[in-house]
Amino acid sequence: MTDADAADTRARPLEGLTVIDLTRALAGPYATLLLAGLGATVIKVEDPRGGDLARENSPYVGRDGVGVEKRHDDDLSISHLTRARGKHGVSLNLKHPQAREIFADLVRKADIVVENFTSGTADRLGVGYEAAKAVNPGIVYCSLSGFGAGVAEGSKAMDVLIQALSGAMYTSGGPNDPPVRIGIPMADMLAPMFGVIGILAALEQRRRTGEGQQVDVSMLGALTSFVAIENWQAMALAGMEARTGLTVQRLSPFGVFRCLDGYVSIVAVHEGLARGLFRAMDNEALGEDPRYATRDRRVANAAQLEPLIEAWSSQLPTDEVVRRLEAQGVPVAPVRHPVEGLKDPRVVARGETAAITHPAYPDAEELMTAGVPIQFSQGRTGFDDVLPVAIGEHNQAIYRDVLGYSDEQVQSLIQAGAI
């Protein structure tokens, strides 16, 4: 929790709700990260024999700063440090005979369960929706999977595979380019966002009916629904090229253009904006040229217009191009590296990105990562100051203090390999 969070006494919207987090890797942990940032108490369940896969993701941070390889036992994966913020960590071997009983005790105290096992795995382990519902009919149980609950997966669903299957890889790049992988794990991020939307909707329905339910979101469906927002078939029928590289020719002038020392993004789709662009270029005559005089004509002749724009922008520094276009009221922005973008004072001030540090070595390196990009007039967001540094970090706090297990029971479960 930051100093700003500590000074803000407003409640977070989901305070009082408890989440049992059975997730690992990225898709599931991002869903529970959002719930934690919105105020829910998240209990992260990890296998005592290895824990979340993200614990072994390079790079790491520790006493020697950031490195590709783990150099000390207390080095932490930055992926884990990012995704486990604000979560209470317990260990539980779901394949142990006593695991189902322990899971049932956790669910009795919970409002939400989130899992992202391969479809059908949670049921086989005895921790699926039916098992949770049997002990807590009001439970909201979110399943994130590659293709949907009950759908055979074949290969395990990874982000790059879902990008390939959804068609997303053919939405970027030029006409003759090979498929282009989206540089952020889009499928792994969209599925949990829809999952959280589903959870919140199910909580509202539970408020009215008293009954919980399963929320079922597929990675393929989430990403494909985004791909489908553009009508690719209609563009093909109209003879419009779908893959146009750095620009979107059906909205021309629209896209990214090279400058002397970088790139700018320009949006001049409407008449007034296009005329403003031409004035910035000191070439108002382009607005009278029959090829570029109307929006439809600019679109039809985008392949000729865009090189003219870049011939102008490429001779000027990025700052100068931005200055000239802003003076004409044309939407423009420099293209920044992610390291710059994450430190934009506007997003930092709103908690949309946040700094993380190793809990034992806070001065080693301050790294920017995801925050919660939502603002509330009567509430706040932010993460509790907890982190499961070790697997089972909060076993005593949860099993003894929340579930009421005795110290002897906890020790017996540890010795039996159940937790």
Side-chain angles (χ1 to χ4, degrees), residues 1 5 8-23 27-45 85-88 90 102-117 122-123 126-145 148-150 189-219 221-222 225 351-352 370-384 386 398 401-404:
M1 186 177 296
D5 291 331
D8 191 340
T9 59
R10 296 176 298 168
R12 290 172 294 172
L14 299 187
E15 287 179 6
L17 295 176
T18 298
V19 180
I20 306 304
D21 178 3
L22 302 179
T23 70
Y30 184 63
T32 53
L33 180 72
L34 290 174
L35 295 171
L38 291 169
T41 297
V42 175
I43 300 173
K44 180 176 178 62
V45 177
R85 285 172 294 161
K87 301 178 184 180
H88 302 263
V90 301
I102 297 169
F103 174 72
D105 288 340
L106 287 168
V107 170
R108 288 188 185 96
K109 298 284 187 177
D111 300 279
I112 302 159
V113 175
V114 185
E115 59 92 1
N116 69 323
F117 295 114
D123 291 328
V127 296
Y129 173 58
E130 293 303 325
K133 180 183 178 183
V135 296
N136 184 350
I139 200 74
V140 171
Y141 189 105
C142 180
S143 295
L144 303 173
S145 61
M189 301 296 285
L190 283 179
M193 288 179 63
F194 281 113
V196 170
I197 292 170
I199 288 168
L200 298 178
L203 288 171
E204 170 59 19
Q205 189 168 359
R206 184 181 74 175
R207 185 189 65 80
R208 299 197 309 269
T209 67
E211 297 181 1
Q213 61 184 298
Q214 185 175 22
V215 177
D216 171 16
V217 177
S218 80
M219 291 171 64
S225 73
E352 294 157 342
V372 180
I374 308 170
Q375 296 285 308
F376 296 96
S377 63
Q378 301 301 319
R380 64 178 178 89
T381 62
F383 300 101
D384 290 335
V386 290
I398 300 300
D401 301 342
V402 176
L403 299 190

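On a predicted model such as this, the values are computed, not experimentally measured, just so you know.
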Over all heavy atoms of both residues, which pair between [X] and [Y] is shortest? Give the atoms and the distance, please.
| X | Y | answer |
| --- | --- | --- |
| Gly126 | Ala131 | O-CB, 3.3 Å |
| Ala149 | Asp216 | N-OD1, 3.1 Å |
| Gly198 | Val215 | O-CG2, 3.6 Å |
| Asn116 | Gly28 | ND2-N, 3.4 Å |
| Arg12 | Ala36 | NH1-O, 3.5 Å |
| Asp123 | Tyr129 | OD1-N, 3.9 Å |

With rounding to the nearest 0.5 angstrom, report the [atom1] to [atom2] distance, [X] to [Y].
| X | Y | atom1 | atom2 | answer |
| --- | --- | --- | --- | --- |
| Leu403 | Ile43 | CG | CD1 | 7.0 Å |
| Arg85 | Asp384 | CZ | CG | 12.5 Å |
| Cys142 | Asp21 | SG | CG | 10.5 Å |

**Asked** Between Asp8 (side chain) and Arg10 (backbone), is there a donor-acceptor pair under 3.5 Å?
**Response** yes
**Prompt:** Which is it for Leu144 and Thr23 under the side chain to side chain contact (heavy atoms under 4.5 Å, CB included) test, yes or no, and what are the steps along the way?
**Reply:** CA-CA 9 Å; Leu144 303 173; Thr23 70; 5.7 Å; no
Taking the side chain as C-beta and beyond, is there a heavy-atom pair between [X] and [Y] under 4.5 Å?
| X | Y | answer |
| --- | --- | --- |
| Tyr141 | Glu115 | yes |
| Val114 | Leu35 | yes |
| Leu200 | Leu14 | yes |
| Leu17 | Leu203 | yes |
| Val372 | Phe383 | yes |
| Thr32 | Lys44 | no |
| Leu38 | Ile374 | yes |

**Asked** Should we count CE of Met189 as having more than 12 external heavy atoms under 6.0 Å?
**Response** yes
**Asked** In this structure, are over 12 heavy atoms from other groups packed under 6.0 Å from Glu204 atom CD?
**Response** yes
**Prompt:** Checking side-chain contact (heavy atoms from CB on, under 4.5 Å) against His88, which of Thr41, Val42, Val45 comes through?
**Reply:** Thr41
What pairs of donor and acceptor atoms, side-chain ones from residues 103-110 against any protein atom, are under 3.5 angstrom apart with sequence neighbours left out?
{"unit_1": "Asp105", "atom_1": "OD1", "unit_2": "Arg108", "atom_2": "NH1", "d": "2.6"}
{"unit_1": "Asp105", "atom_1": "OD2", "unit_2": "Tyr405", "atom_2": "OH", "d": "2.5"}

**Message:** Asp111: which residues meet the salt bridge (Lys or Arg N to Asp or Glu O under 4.0 Å) condition with it, sequence neighbours left out?
**Reply:** Arg206
